[in-house]
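Structure first, commentary second.
Keep in mind the model is a prediction, meaning the values are calculated, not measured.
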Amino acid sequence: MRLRRLAAELRRLRKDADLTREEVVERTGVNVTTLYRIETARVRPQARTLTALMDAYGVRDPKRSELTTLLKESAHRGWLHTFASDLPERYASYIEFESEAREVLNYECLFIPGLLQTERYARAAVSGSDPESTRARIEGRVDARLKRQEALTKDQPLKLWAIVDEAAIRRVVGGREVMLEQLEHLLAAIELPNVHLQVIPFDTGAHAGMHGSFVIMNFAEAIGPDIVYIESQAEDLFLEEEADIARYNLVSTHLRAGALSPSASASLIATAAKDLHRT
């Protein structure tokens, strides 16, 4: 995320200096492909390259010191280092993006969204969906998931819009007791002013989310454009192209329109909990 923020700052500074990439190449000797990759956060610039760019853009302190510090910090991951050995690289990247997002839309067709999972549900979900995982890896992912949830209650909390298929509400993950606890946790979580939860009921029939789950992360302008994250058995994907973002925003619009209202969704969750009590 720091690298992404640095890239956004360098793009802005070049535009403020009214320079094209080709003109920057002439002034600095930086390869045009390298400059493009730096401005799109594909690579971390070397210190001398950053200095050359700041010179070309006429950057002075305190902005100069701020960008130099940002470059140094871009090599480090905050609390993630605690879980580094247990987390796949792309999932760790996802967590870092999420920690800097201001809004997240999470559609799930089979699971309760990770930011709203209880510890026991998370453990059952991780172990059940990845049966070959070691105990250490399972616990690492559960601990990381619980740490992520602090974003919902920090001073400037993350805004979460969660949309789930009724299948995620009805699937008894971890047994009846664990699932009851999870449903009750959902009912408590949606009381938070920054959490918006909608359920797509079974009787909706076919809907735009049936191709699979996804997350749209929205960032402050200084950090960069939105990102779509898709998790799959084959590979986790980050989509950043405007066309991809637009397509998933359109899908999310259809999902919001077809889902129950937050109050009706809470009623459905409460009914599911009562049904579990009776079994």
Side-chain angles (χ1 to χ4, degrees), residues 1-104 144 148 214-232 234-248:
M1 285 310 307
R2 295 179 181 92
L3 186 60
R4 199 167 146 86
R5 187 181 296 129
L6 177 62
E9 284 288 326
L10 291 174
R11 287 196 308 271
R12 182 185 62 78
L13 288 167
R14 178 174 61 78
K15 291 176 182 177
D16 288 348
D18 197 25
L19 295 172
T20 65
R21 287 198 180 105
E22 289 71 21
E23 290 171 330
V24 173
V25 169
E26 290 178 4
R27 293 190 181 195
T28 64
V30 176
N31 180 279
V32 68
T33 301
T34 300
L35 180 59
Y36 170 78
R37 289 170 65 81
I38 289 171
E39 289 191 350
T40 54
R42 285 348 189 241
V43 297
R44 181 173 177 268
Q46 295 182 340
R48 65 174 180 271
T49 301
L50 177 61
T51 298
L53 293 175
M54 291 191 295
D55 288 344
Y57 304 151
V59 180
R60 300 181 182 278
D61 279 330
K63 175 60 72 174
R64 196 177 184 94
S65 296
E66 177 187 325
L67 294 180
T68 301
T69 299
L70 199 54
L71 176 62
K72 292 177 181 177
E73 291 179 346
S74 69
H76 305 285
R77 277 183 171 146
W79 59 264
L80 274 175
H81 76 278
T82 307
F83 307 97
S85 62
D86 298 316
L87 299 179
E89 182 179 352
R90 283 182 176 262
Y91 181 52
S93 297
Y94 169 80
I95 293 174
E96 192 166 357
F97 282 129
E98 183 186 72
S99 70
E100 294 286 346
R102 61 182 177 185
E103 296 182 8
V104 166
R148 287 168 51 203
F214 62 88
V215 178
I216 303 175
M217 291 176 278
N218 174 266
F219 303 91
E221 186 176 353
I223 294 179
D226 295 355
I227 289 178
V228 172
Y229 173 75
I230 303 170
E231 185 178 7
S232 72
E235 183 181 20
D236 296 351
L237 300 175
F238 291 99
L239 306 179
E240 300 181 71
E241 298 296 330
E242 288 185 9
D244 293 324
I245 303 299
R247 184 171 71 254
Y248 277 92

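Inter-residue side-chain proximity for T68 and M54 is flagged as met; some heavy-atom pair is nearer than 4.5 Å. Contact annotation: the side chain of L3 never approaches that of L70 to less than 4.5 Å [non-hydrogen atoms, C-beta and beyond]. Put simply, the side chain of I216 does not reach to within 4.5 Å of the side chain of V104, judged on heavy atoms. For the pair V228 and I245, the minimum side-chain heavy-atom distance is below 4.5 Å.
For D61 against S65, the heavy-atom pair with the smallest separation is OD1-OG, 2.7 Å. Heavy-atom minimum distance, L10 versus Y57: O-CE1, 3.9 Å. Closest non-hydrogen pair, A7 versus E39, comes out as CB-O, 3.5 Å.
Scored by the salt bridge (charged side-chain N to carboxylate O under 4.0 Å, His left out) test, E240 finds R4 as partners (sequence neighbours excluded). Under the side-chain contact (heavy atoms from CB on, under 4.5 Å) criterion, A52 pairs with T28, not counting sequence neighbours.
A side-chain donor-acceptor contact under 3.5 Å links T51 to the backbone of A47. Counting only distance, with no hydrogens or angles, the side chain of E23 and the backbone of T20 share a donor-acceptor pair below 3.5 Å. Side-chain atoms of T34 do not come within 3.5 Å of backbone N or O of V30 as any donor-acceptor pair. Using a distance-only test at 3.5 Å, with no hydrogens or angles considered, a donor-acceptor pair links the side chain of R44 to the main chain of L71. Distance alone, capped at 3.5 Å, is enough to place a donor-acceptor pair between the T40 side chain and the Y36 backbone. Side-chain atoms of R21 never come within 3.5 Å of backbone atoms of V32 as a donor-acceptor pair (strictly under, hydrogens ignored).
A ring-centre distance under 6.0 Å is not found for F238 and Y94.
Ion pair D55/R64 flagged as a salt bridge, since at least one NZ, NE, NH1 or NH2 atom sits closer than 4.0 Å to an Asp/Glu carboxylate oxygen.
Residues Y229 and D236 have side chains that bring a donor and an acceptor to within less than 3.5 angstrom of each other.
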